[in-house]
Each structure stands twice: as C-alpha cells, then as structure tokens.
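The block underneath contains the structure these notes are about, expressed in structure tokens.
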Amino acid sequence: MYFNWKDKTNIDELKVICNLIKNSEIIIFPTETVYGIGANAFDSAAVGKIFLAKGRQSDNPLIVHLSDKSKIEEVAEDVTEVEQKLIDAFMPGPFTIILKKKPVIPDIVTAGLDTVAIRIPSNIIARGIITYAGVPIAAPSANISGKPSGTNIEDIRKELEGRVSAIIDGGKTEIGLESTVVRVIDGVPVILRPGKITPEEIRAVVGTVRIDDKAFKRLNDDETPLSPGMKYRHYAPTTKCKLVYADNEAEQVFQMKKLVKEYKGNVVVLGFDEHEEKIVVSQGRYIRIGSKENLEEIAQNIYTALRKADTIKADIILIEGIKKYGIGVAIMNRLLRTCEYDYIEVLDCD
Ligand code: TXA
Ligand code: MG
C-alpha cells in the first residue's frame, strides 16, 4: 500500500496504518532525519520482520520512537540529571539518547543489551502514527543494510517495495542524515553517532561533550564499539568511493582534477555546485551535492546523490569533503564510512 501524505495526513489512512501496526505488520514512514521502517516495539514477531526486510544483523539494536517525553519512563529507568537535561533540550528532534532499559522492551529490539535507544521525532507524520498507534515504534532507517538511508520515496520504493505492508510518502526529509546518538558515560555525553545536533550544541547544555573516537576510525576486528551499528560497512553504494578534502579550496579542486585524470575520466563526481565548471567530467557524471556554503543542503542531498551515482557505471565515485564543523562532523562521519576510509586529506601547515 502506498499513501501520499505529502500535503496532509489522511485520517482514514492513519487508521489503516495503526491497524497494520496492531497486526504485527511493518511500515515505512517519514521522520525529520531519514525515513524509518517501523513496527510495534513491544511485539517481537513484528520487530523480527524489520530485521528480515533490511537484511540487518541481529546484533545491531533498533531505536525506539516515542510520541512524547512522558512516555520515556514506560520503557527506560534511572534517568540521570545530565540525561534529563539533554532530553529537555533536544527532544523532540533529531536526537537519540541511550538509556537503561526496562524489561517491557523485548531483547530483539535492543540486541540483548541492557540499554535502549530512545528518540522522539518532531516530524508531524511520525508523531501522529506513534500517538495513534498507542505503542512505541521500533524503527531503523529505511534502506537495505549497508546502503545509504532512504530520504525520498522514489529511492525507497526501488529498494524496499514489497518488503513492507505500507509506505507513507511525506516528501523529501528535512535533514537528510540520521539522528545524533548520545550515551552519557560518567556524567559526560558521548556522541556515538554524529548528527544534526552538534557537539557544540550539546556542550552548551551540559558544559561538556565527547565524540566517540571510533566515529572517524576504521575498527579493528577485535574492537567492540559502544554503538553496535558502527562496526558495519554503511552508507555505501556498490561502486567504490573516494573522499577528498583540502582546507584550501583551490587545492581541493586540484586534487579532484588529478584523480579524474588518473581514472581516465571513468568516474562520477559528487561535487559542490560551485565546482561543476572547474572539475570537468563528461555529461551526466557530475552530481551536484549543494553549495559549499550550505552544509544543511549537502546533508539533505547526500544520500540521494550517492544512490544516483551508483546508477552510473564508473570505476570510482569521487566525493568532495567538507570541514568537520557543525553538521559537517556528521556528513564527514558518514562519507568516511561510505568510502571505507579511502580518504585524501590535504591540510595547510601554517
Ligand atoms: O534518525 C534516525 O536515528 C533514524 C530515524 C528512522 O529515526 N533511525 C536510524 O536507525 O538511523 P538505525 O537503526 O539505522 O541506526 C541506529 C543506530 C545504530 O548504529 C545502532 O547500533 C545504534 O543506533 N543503537 C541502537 N540502540 C543502541 C543501544 N542500546 N546502544 C548503543 N547504540 C545503539
Ligand atoms: Mg541505518
């Protein structure tokens, strides 16, 4: 079933969706970050269908989505003062907090961990569904495991149609990158997955913040990340990708051109709007990711651009990198993993 709620939520269709959720079915719905594949979080059989639909490893836990803050105590306990401050500052919104789990949440949701990831989306459609379904909704991003998260319905239908009972179209997602995932450890908020809520914003609320150093590093086989999802290849098209960043713009363009030449033009470039005339490739092989001055726009476009790049036959996808600041931290975290850490970085020494 396909429902178009781009302009308005249809109440009769909302009832259909809630019935599907009650009947252990799974649905695709929009949030402000990326689309999710949702099921009743109390229903192990339904949650099992999500893992199947995505081809997701069972040791990778899901986020539990709630309609409002008053519901947190139903699924989590022992919330500390620092955790409460973060909840009050950033929820609802693109923010996920790891809390101590209550037994009502089945093990399949949390991959057997004693913690649960909680998020309250701000997107109206997402909140409407969670509110009317009357249960928390467990939902990972809408994509086959390893692929970029779904941020528009066209991409999602191509990848997941037939694997879920209903797809709700809420238009292109507002942010385009997954939520910031935070766990408070010894009173310090640790960012396990960077996102729209930046380290700077978190520090402003509780005075301190740390980014899990594994967010920018390749993990060794024997390392266990705090966030299980971080160990898998992710956000990646089938074609190999390479990321290029120089803190001097002319140098970045130079490095990109050098690579285009090295690969004899058999490349796809994911580049800034401003560089299209400078990094010359043949027709259709330059995919604009947005203005270099507008990181929000780049975040919105990046997954759609990666999927588009994958439809073009090429030896490599070359991607322009950005400064790791603000939402740039999250974009670079995703792109490094897209490229499996195949990364050229040129920094000015002075
Ligand atoms: O924006 C988002 O967060 C989207 C939308 C749909 O809400 N969801 C999303 O879910 O990105 P997913 O499953 O693709 O990513 C969830 C991440 C994974 O890296 C997972 O390992 C981590 O959160 N996670 C979930 N539960 C956890 C827990 N108890 N402890 C540590 N990490 C956890
Ligand atoms: Mg995901």
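In this chain, numbering begins with 1 at the start of the sequence shown. Only heavy atoms go into these numbers, but all of them, side chains included; no hydrogens, no water, no symmetry mates. In listed order, ligands and their atoms are each counted from 1.
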Taking the side chain as everything from C-beta on, heavy atoms only, tell me whether Asp247 gets closer than 4.5 Å to Tyr245. yes
Aromatic ring pairing His65/Phe29, orientation class (parallel under 30°, perpendicular over 60°, tilted between): perpendicular
Glu159/Arg307 ion pair, N-O < 4.0 Å: yes
Which bit of Asn60 is near ligand 1, meaning a heavy atom under 4.0 Å away: side chain, backbone, both or neither? side chain
Starting from atom 31 (C) of ligand 1, locate the nearest protein heavy atom and write down its residue, its atom name and how far away it is, to 0.1 Å. Leu226 O, 3.3 Å
Atom 16 (C) of ligand 1: of Ile63, Ile118, Leu99, Val116, the nearest heavy atom sits on Ile63
Can you tell which part of Arg193 has a heavy atom less than 4.0 Å from ligand 1: side chain, backbone, both or neither? side chain
NZ/NE/NH1/NH2 to OD/OE distance under 4.0 Å, Lys101 and Glu77: no
Using a strict threshold of under 4.0 Å (side-chain N to carboxylate O), is an ion pair present between Lys240 and Asp342? yes
Could you tell me whether the side chain of Glu83 reaches within less than 4.5 Å of the side chain of Pro189, counting heavy atoms only? no
Run the contact test for Lys101 against ligand 1 with a 4.0 Å cut-off on heavy atoms, strictly below, and give the result. no
If you have a sec, work out which protein heavy atom is nearest atom 3 (O) of ligand 1 and how many Å separate them, to one decimal? Ser179 OG, 2.5 Å
Is the side chain of Gln300 donor-acceptor paired with the backbone N or O of Ile175 at a distance under 3.5 Å, no angle test? no
Does an N or O from Glu178, backbone or side chain, lie closer than 3.5 Å to an N or O of ligand 1? no
For ligand 1, which atoms sit closer than 4.0 Å to a heavy atom of Thr115? 28 (C), 29 (N), 30 (N)
Distance filter under 4.0 Å to Leu113 heavy atoms, resulting ligand 1 atoms: 28 (C), 29 (N), 30 (N)
Considering heavy atoms of the protein only, find what lies nearest to atom 5 (C) of ligand 1 and give residue, atom and distance to 0.1 Å. Thr33 OG1, 3.7 Å
Identify, for atom 30 (N) of ligand 1, the protein heavy atom at the shortest distance, and state residue, atom and that distance. Ile98 CD1, 3.6 Å
Around atom 22 (C) of ligand 1, find the nearest protein heavy atom and jot down its residue, atom name and distance. Ser227 OG, 3.3 Å
For His65, the ligand 1 atoms whose distance to one of its heavy atoms is below 4.0 Å: 5 (C), 6 (C), 7 (O)
Check whether any N or O atom of Lys54, backbone or side chain, sits under 3.5 Å from an N or O atom of ligand 1, and answer yes or no. no
Donor-acceptor check, side chain of Arg119 to backbone of Met91, threshold 3.5 angstrom: yes or no? no
Given that the side chain starts at C-beta and the backbone is N, CA, C, O, which of these parts of Arg56 lies under 4.0 Å from ligand 1, counting heavy atoms, or is it both or neither? side chain
Closer than 4.0 angstrom, basic N to acidic O: yes or no for Asp273 and Arg288? yes
Which is closest to atom 33 (C) of ligand 1 by heavy-atom distance: Pro61, Gly38, Ala111, Gly36? Pro61
Pairing of Glu296 and Lys196 as salt bridge, 4.0 angstrom limit: yes
If only atom types and distance count, is the side chain of Lys102 paired as donor or acceptor with the main-chain N or O of Glu73 below 3.5 Å? yes
Would a distance-only check, ignoring hydrogens and angles, find a side-chain to backbone donor-acceptor pair under 3.5 Å from Arg127 to Ser67? yes
Candidate with minimal heavy-atom separation from atom 10 (O) of ligand 1, of Ala142, Gly195, Pro94, Ser141: Ser141
Return the residue, atom name and 0.1 Å-rounded distance of the protein heavy atom closest to atom 4 (C) of ligand 1. Val34 CG2, 3.8 Å
Return yes when at least one N/O/S atom of Ser149 is nearer than 2.8 Å to the Mg ion (ligand 2), and no when none is. no
